[in-house]
Amino acid sequence: RQTLRGAARMLTESGEAPDELRRRVTSPNGTTQAAIETFQAGGFEALVARAIPAATVRGGELSAAND
């Protein structure tokens, strides 16, 4: 939890792009780099890009149903 809080704080307070922050803390050829490459090869970024609008639409539908 503390790692997640720290990462969120760095992201919101540094003003730097998320990919730059990630690059600075990821060891080249390390375990995190291997995981990131696997996510990228599997289309994770595209999946997230489709999931966020889908969740937004569904949230609007649920909100409208409660009005």
Side-chain angles (χ1 to χ4, degrees):
R1 291 180 195 171
Q2 292 301 321
T3 299
L4 185 56
R5 285 185 187 128
R9 186 173 180 182
M10 282 179 62
L11 183 59
T12 57
E13 293 179 4
S14 74
E16 293 190 52
D19 58 337
E20 175 59 21
L21 290 173
R22 196 266 319 144
R23 186 194 63 73
R24 290 193 320 178
V25 299
T26 301
S27 299
N29 299 314
T31 56
T32 301
Q33 184 64 40
I36 290 169
E37 290 171 2
T38 301
F39 286 143
Q40 290 171 332
F44 180 76
E45 292 166 328
L47 180 62
V48 171
R50 290 191 313 269
I52 292 172
T56 301
V57 168
R58 183 61 181 144
E61 293 168 352
L62 293 170
S63 178
N66 289 324
D67 286 342

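Heavy atoms only: backbone and side chains are in, while hydrogens, waters and symmetry mates are out.
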Would you name the heavy atoms of A49 and P53 that are closest together and state the gap between them?
O-CD, 2.9 Å

Distance check, rounded to the nearest 0.5 Å: T12 atom OG1 versus M10 atom CE?
10.0 Å

Would V57 end up clustered with I52 when hydrophobic side chains under 4.5 Å apart are linked, directly or stepwise?
no

I'd like to check P18 versus L11 (side-chain heavy atoms, cut-off strictly below 4.5 Å). Are they in contact?
yes

Separation between CG of L62 and CG of D67, rounded to the nearest 0.5 Å
11.0 Å

What's the spacing between Q2 CD and R9 CZ if we round to 0.5 Å?
11.0 Å

Can you tell me how far CZ of F44 sits from CD1 of I36, rounded to the nearest 0.5 angstrom?
10.5 Å

Rounded to the nearest 0.5 Å, how far apart are CD of E61 and CG of N66?
12.0 Å

Walk me through whether R22 and Q33 qualify under side-chain contact (heavy atoms from CB on, under 4.5 Å).
CA-CA 10 Å; R22 196 266 319 144; Q33 184 64 40; 3.6 Å; yes

Whether the side chain of S63 engages the backbone of G59 through a donor-acceptor N/O pair (distance < 3.5 Å, no angle test) should be reported.
no

